[in-house]
Amino acid sequence: MPGKWKLTITQEFSASHQLRHYCGKCENLHGHNFGVEVVVEGDTLDPKVQYLVDFKELKNKTKAVLDRLDHTHLNEVECFKEINPSSENLAMFIYRNLKSAMPENVSLVEVSVSENNTSKATYWEA
């Protein structure tokens with residue numbers, strides 16, 4: 001049975017948001033330094049360098065997606081004007097925008113978003 005490799009990178013972005021219909025403090029305008037964790041996998045290494053994908057390439061692709069969110073009020077970003085910019089929806093947004101940017105030999109496994117270091121939401125597709 002052939003093996004696989006799984007790579008994980010972490011990045012951050014800063015933004016404000018409000019959770020509509022929350023009935024608590026989080027319904028008020030507030031901000032976070034969101035943590036983002038991206039996990040990819042594959043079973044074929046580059047024959048010359050012997051890596052699945054360059055960490056730098058993976059970070060750059062992730063940064064391109066996060067730049068659309070960084071230092072914004074998330075409720076005003078087009079895709080969050082109707083749905084709440086919750087950690088769950090942020091993870092789904094990042095996942096769906098990263099999925100098509102993956103190299104041919106790499107599969108996006110999951111994306112996690114955290115508002116602090118004690119809680120995170122993870123999104124993946126079967």
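Please read all numbers here as calculations on a predicted model, not as lab measurements.
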Set of salt bridge (charged side-chain N to carboxylate O under 4.0 Å, His left out) partners for E37, sequence neighbours left out: K120

Got more than 12 heavy atoms from elsewhere within 6.0 Å of CH2, W124? no

Does the S114 side chain pair with the main chain of N117, one donor and one acceptor, at a distance under 3.5 Å? no

With sequence neighbours left out, what residues match T72 under side-chain hydrogen bond (donor to acceptor under 3.5 Å, both in side chains)? none

Determine the minimum heavy-atom distance between Y95 and V109, stating which atoms define it. CE1-O, 3.8 Å

side-chain contact (heavy atoms from CB on, under 4.5 Å), that's the test. Do V111 and M92 meet it? Break it down for me. CA-CA 7 Å; V111 171; M92 181 174 61; over 6 Å; no

CG (L90) and CD1 (I83) are apart, to the nearest 0.5 Å, by 8.5 Å

How would you list, by chain and number, every residue that makes a side-chain hydrogen bond (donor to acceptor under 3.5 Å, both in side chains) with Q11, sequence neighbours excluded? none

Listed by chain and number, what are the salt bridge (charged side-chain N to carboxylate O under 4.0 Å, His left out) partners of E57, not counting sequence neighbours? K61

List for me each residue that meets side-chain hydrogen bond (donor to acceptor under 3.5 Å, both in side chains) alongside K6, sequence neighbours excluded, and say none if there are none. none

Distance, nearest 0.5 Å, that separates CD1 of I94 from CG of N89: 11.0 Å

Counting only heavy atoms not in Y51, do more than 12 sit closer than 6.0 Å to its OH atom? yes

Enumerate, atom names and distances included, each donor-acceptor pair closer than 3.5 Å involving a side-chain atom of residues 39-48, sequence neighbours excluded.
from: E41; atom 1: OE2; to: K4; atom 2: NZ; distance (Å): 3.4
from: D46; atom 1: OD1; to: K48; atom 2: N; distance (Å): 2.9
from: D46; atom 1: OD1; to: V49; atom 2: N; distance (Å): 2.7

Would you compute the distance between atom CG of L66 and atom CG of L98 and round it to the nearest 0.5 angstrom? 7.5 Å

Are I9 and M102 joined in one hydrophobic group, where the rule is that I, L, V, M, F, W and Y side chains link up if heavy atoms are under 4.5 Å apart? yes

Minimal non-hydrogen separation, A15 against L69, with atom names: CB-O, 3.7 Å

Step-by-step side-chain contact (heavy atoms from CB on, under 4.5 Å) determination, H30 to Q18: CA-CA 7 Å; H30 65 284; Q18 297 165 272; 5.5 Å; no

For S14 versus N33, what's the shortest heavy-atom pair and its separation? OG-OD1, 2.6 Å

Please list all pairs meeting salt bridge (Lys or Arg N to Asp or Glu O under 4.0 Å) that have one or both residues in residues 106-116, counting only residues at least two apart or in different chains. none

Using the ring-ring contact (aromatic ring centres under 6.0 Å, His included) criterion, which residues pair with F13? Sequence neighbours excluded. F34

Could you tell me whether a side-chain N or O of N97 sits under 3.5 Å from a main-chain N or O of F93, the two making a donor and an acceptor? yes

Are L74 and Y22 in one and the same hydrophobic cluster, where Ile, Leu, Val, Met, Phe, Trp and Tyr link if side-chain heavy atoms are under 4.5 Å apart? no

Got a sec, which residues hit salt bridge (charged side-chain N to carboxylate O under 4.0 Å, His left out) with K81, two or more places apart in sequence or on another chain? E78

Taking only residues two or more places apart in sequence, or in another chain, which ones meet H73 in a ring-ring contact (aromatic ring centres under 6.0 Å, His included)? none

Taking the side chain as every heavy atom from C-beta outward, state whether R20 and N75 have any pair of such atoms under 4.5 Å apart. yes

Could you tell me whether the side chains of N116 and T118 share a donor-acceptor contact shorter than 3.5 Å? yes

Treating Ile, Leu, Val, Met, Phe, Trp and Tyr as nodes and any side-chain heavy-atom pair under 4.5 angstrom as an edge, say whether Y123 and L19 lie in one connected cluster. no

Under 6.0 Å from the CD atom of E125, do we count more than 12 heavy atoms belonging to anything else shown? yes

In this structure, CG of L58 is separated from CG of L7 (nearest 0.5 Å) by 7.0 Å

First locate atom CG of N105, then atom CG of L52, and finally report the distance between them rounded to the nearest 0.5 Å. 5.5 Å

Contacts of K63 meeting salt bridge (charged side-chain N to carboxylate O under 4.0 Å, His left out) (sequence neighbours excluded), chain-then-number -> D67

Could you tell me the separation between the NE2 atom of H17 and the OG atom of S86, rounded to the nearest 0.5 Å? 8.5 Å

side-chain hydrogen bond (donor to acceptor under 3.5 Å, both in side chains) partners for T122, two or more places apart: S112

